[in-house]
Amino acid sequence: MSEAPNTISWTGGGDGFLTLLDQTRLPGETAYLNCEDVESVYDAIKRLAVRGAPAIGIAAAYGVCLATRETSSLTEARTAALAACDRLAESRPTAVNLFWALERMRGVITAMADDTPVVQFAKRLAGEARAIHDEDRAQCAAIGRHGAELLAEVVPPGGGVLTHCNTGALATGGDGTALAVLFALHRARQESNQSFTVFADETRPLLQGARLTMWELIERGVPATLICDSMAAQVMREGRVQAVIVGADRIAANGDAANKIGTYGLAVLAKHHGVPFYVAAPSTTFDLELASGDEIPIEERAAEEITDGFGRRTAPEGAQVYNPAFDVAPAALVTAIITERGVISPVTGEEVAAIVGTEIPA
Ligand code: MRU
């Protein structure tokens, strides 16, 4: 299995810069964006050059560090860093990892003593962003381990697993969430000369499944088959998959899980066909302040993503469009949520609290 792509990297110390793998150009081109100011990070998040819940949080944390570059006093640096937190929080509304990471950066900004030299302040911010990045990498690895153990029980040799959107190294600081589980299962199966196939939904309208998940799976040698989103029912009916696994952008206290549009439909289909439906996400994706998924803000994106997807008009001028980017799989349809802290099953408020606690993890 080859190496994971370098999705997000920070070069230098407190006065460093951020490099992002530009995901809008994949799979055709492997191009990198150097971000040297807050606005370029805001723009990269907004137009999905960097995307996926944990990756958005990590990129935003580094983005805050860029705010201090032109400042000469602590007051100036602190004001700029707090303004950066506010600005980056406006980039996308659904993935709670963004707000969690910015809250953590705010904590560091406000906790620093008034006589801290600016260089020290900048260094400390970069250290915090790096810590968020490193912790996510470790969380991905733990999710992979827990999830592979679980899926090994339900996916027979030669079987199949369906996934949606992109939840791999492109979406996180490590190997991914749902895809980390599939990478780990693939490694385990290889050791015993067995295999399984990943069915990847293309994920309309922006094709994160076709462009990004298929790219990651092929790069890393995992057997994979691409399908259109509308084929999932047929694939389940034909018995080609024994499990569905997806990531999440925000999970409410009762276990309702928001993820890429189409996830809710898959959960309903899986229930109908008796296929277990798993969500894989780090504890940083839980928003325990929200009682249920009804309270999760759902991002609506531009109509052009549907009418002019990839440089070609596919609907008549004047066509009215509704483009919600996420939907919510109700807890009742989720067999288990795989976190770095362990597996939540059955998915109830009590079990969520037992595994991820009642506090937002620090
Ligand atoms: O709009 P995107 O591409 O940022 O949406 C990403 C997803 O919905 C992922 O499934 C989710 O963030 C989990 S990523 C580990």
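For this chain, numbers begin at 1 and follow the sequence in order. These values consider heavy atoms only, across backbone and side chains, with no hydrogens, waters or symmetry-generated copies.
- The existence of a salt bridge linking Arg87 and Glu39 is confirmed by a sub-4.0 Å separation between a basic side-chain nitrogen and an acidic carboxylate oxygen.
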_Using side-chain hydrogen bond (donor to acceptor under 3.5 Å, both in side chains), reason through Glu351 and Ser345 one step at a time and then give a plain yes or no._
CA-CA 7 Å; Glu351 290 301 313; Ser345 182; over 6 Å; no
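- Ionic pairing of Asp43 and Arg47 is present here: one or more N-O contacts between side-chain nitrogen and carboxylate oxygen are shorter than 4.0 angstrom.
- Using cut-offs of 30° and 60° for the angle between ring planes, the Tyr62 and His133 rings count as perpendicular.
- Classification of Arg187 and Glu191 as a salt-bridged pair fails, no side-chain N sitting under 4.0 Å from a carboxylate O.
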Side-chain donor-acceptor pairs of residues 194-201 under 3.5 Å, sequence neighbours excluded:
residue : atom : partner : partner atom : Å
Gln194  : OE1  : Ser192  : OG           : 3.4
Asp201  : OD2  : His164  : ND1          : 2.8

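- One finds no salt bridge joining Lys260 and Asp229 here, because no Lys/Arg side-chain nitrogen approaches an Asp/Glu carboxylate oxygen to under 4.0 Å.
- By the side-chain contact (heavy atoms from CB on, under 4.5 Å) test, Glu300 pairs with Tyr322, sequence neighbours left out.
- In this structure, the separation between CG on Leu290 and CG on Asp256 is 10.0 Å, given to the nearest 0.5 Å.
- Between the Thr335 side chain and the Phe277 main chain, a donor and an acceptor come within less than 3.5 Å of each other.
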*Criterion side-chain hydrogen bond (donor to acceptor under 3.5 Å, both in side chains) on Ser72 and Glu76, from CA distance to verdict*: CA-CA 7 Å; Ser72 48; Glu76 221 187 312; 3.2 Å; yes
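- In this structure, Tyr32 belongs to a hydrophobic cluster whose other members, linked by side-chain heavy atoms under 4.5 Å apart, are Leu21, Leu26, Leu170, Leu212, Trp215.
- More than 12 heavy-atom neighbours from other residues, nucleotides or ligands sit within 6.0 angstrom of CZ on Arg69.
- Comment: Asp249 does not engage Arg51 in a salt bridge, judged by the lack of any side-chain N to carboxylate O separation of less than 4.0 angstrom.
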*For Glu135 and Gln139, what are the C-alpha separation, side-chain angles and deciding distance, and is it a side-chain hydrogen bond (donor to acceptor under 3.5 Å, both in side chains)?*
CA-CA 6 Å; Glu135 286 164 28; Gln139 287 166 354; 5.1 Å; no
